[in-house]
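Note: hydrogens, waters and symmetry copies are ignored here, and every other heavy atom, side chains too, is used.
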Amino acid sequence: MSSLAVPQAEPVAGSTPGTDRARPPLRRRIALVPTITLLLGALYCLLPVAWVVVAATKSGRELFSTFTFLPGTGFADNVRDLDAYRDGVYWQWMGNSALYAGLGALLSTCVSAVSGYALAVYRFRGRETLFNVLLAGVLMPPVILAVPQYLLLAQADLTDSYLSVLLPQVLSPYGVYLARIYAAAAVPADVVEAGRIDGAGEWRIFTRVALPMMVPGMVTVFLFQFVAIWNNFLLPYIMLSDDEKFPITLGLFTLLEQGANSPALYTLVITGAFLAVLPLVALFLVVQRFWSLDLLSGAVKS
């Protein structure tokens, strides 16, 4: 019987046989660099959060005498002490933050949706100039605007009130920018024109046609604004003097200042910081689920 000889591939000149299997290609190794960088960044961001979670479980004695990442046994006592502090003023601070962040983010999302839609759909003189001014507002640090905002609201006798924290948050240049970009991509001009041909008014086209298409983008704007207002410290610090109107950030700051003279309050500050993060985590999980479902439903409808 005759056998067929299978030709063997000749090695490429300048290469050593077996080296392709011995080590991964250079491209694959370079692709690992962004992954490793992201992992290091995530570790850098999550390490303080992990410390807060562990420290919130420790009593005052355990906080300064045990290993940093060793859980303690005083979480329940810390929550009870926090609840008893000044007749539960901590929960009032949490309620104030929920009011500022929830209502402020909702109003800001509405303003951003209307403004972004108008800048994306309508053609009028000065549109690009107005949009460029908004972009300049995105680049403006909030610390520069805080003092002028205080002076304006002081002239209107609105300082040290809930409105003094709410009103400056209603207009978000970054929210308007995101709304315009999303509206330009998600709302086809043919659909708007078809609504006009059918006799629908501009407001009806916006609320019944364009806004449902913009919902995923507006959810993102709401989430960003909620987190920004919830974590805002400088504006309430300038505007408010009554501690019963403080948000959670400013309330914990005052509690931390008092802890310099009473170290026992440090455990309350850490426990309060841990509890203050939970609403943000819950909101993100809920909004992310709604966002995914809405994107899927939009794909099915299209």
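Scored by the side-chain hydrogen bond (donor to acceptor under 3.5 Å, both in side chains) test, Glu128 finds Arg180 as partners (sequence neighbours excluded). Residues satisfying the side-chain hydrogen bond (donor to acceptor under 3.5 Å, both in side chains) criterion with Thr267, sequence neighbours excluded, are absent altogether.
In this structure, the side chain of Asp83 does not engage the main chain of Val79 through any donor-acceptor pair within 3.5 Å. A distance-only check finds no donor-acceptor pair linking the side chain of Asp198 to the backbone of Ala200 [under 3.5 Å]. Put simply, the side chain of Asp160 gets close to the backbone of Asp242: a donor and an acceptor are under 3.5 Å apart. With hydrogens and angles ignored, the 3.5 Å screen pairs a side-chain donor or acceptor of Ser164 with a backbone N or O of Ser161. Formation of a donor-acceptor pair under 3.5 Å by the Ser108 side chain with backbone atoms of Val170 is found in this model. Remark: the backbone N or O of Gly272 is paired with a side-chain donor or acceptor of Tyr90 at under 3.5 angstrom.
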Using a 3.5 Å cut-off and no angle test, enumerate the donor-acceptor pairs between side-chain atoms of residues 34-55 and protein atoms at least two apart in sequence or in another chain.
{"residue": "Thr37", "atom": "OG1", "partner": "Val33", "partner atom": "O", "Å": "2.8"}

Considering only distance and modelled atom types, tabulate donor-acceptor pairs under 3.5 Å from the side chains of residues 63-73, sequence neighbours left out.
{"residue": "Ser65", "atom": "OG", "partner": "Arg61", "partner atom": "O", "Å": "2.6"}
{"residue": "Thr66", "atom": "OG1", "partner": "Lys58", "partner atom": "NZ", "Å": "3.1"}
{"residue": "Thr66", "atom": "OG1", "partner": "Glu62", "partner atom": "O", "Å": "2.6"}
{"residue": "Thr73", "atom": "OG1", "partner": "Glu62", "partner atom": "OE2", "Å": "3.0"}

message: Is there a side-chain contact (heavy atoms from CB on, under 4.5 Å) between Phe226 and Leu106? Walk through the geometry before answering.
response: CA-CA 8 Å; Phe226 189 96; Leu106 181 61; over 6 Å; no

task: Kindly determine whether Asn232 and Gln169 satisfy side-chain contact (heavy atoms from CB on, under 4.5 Å), including the steps that lead there.
output: CA-CA 10 Å; Asn232 193 2; Gln169 309 285 351; 2.8 Å; yes

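Among residues at least two apart or in separate chains, there is no salt bridge (charged side-chain N to carboxylate O under 4.0 Å, His left out) pair with a member in residues 214-236. Applying the salt bridge (charged side-chain N to carboxylate O under 4.0 Å, His left out) test to every pair with at least one member in residues 182-197, sequence neighbours left out, gives these pairs: Glu193-Arg196, Arg196-Glu202.
Of all the heavy atoms in Ala120 and Arg123, the pair that sits closest is O-NH1, 3.2 Å.
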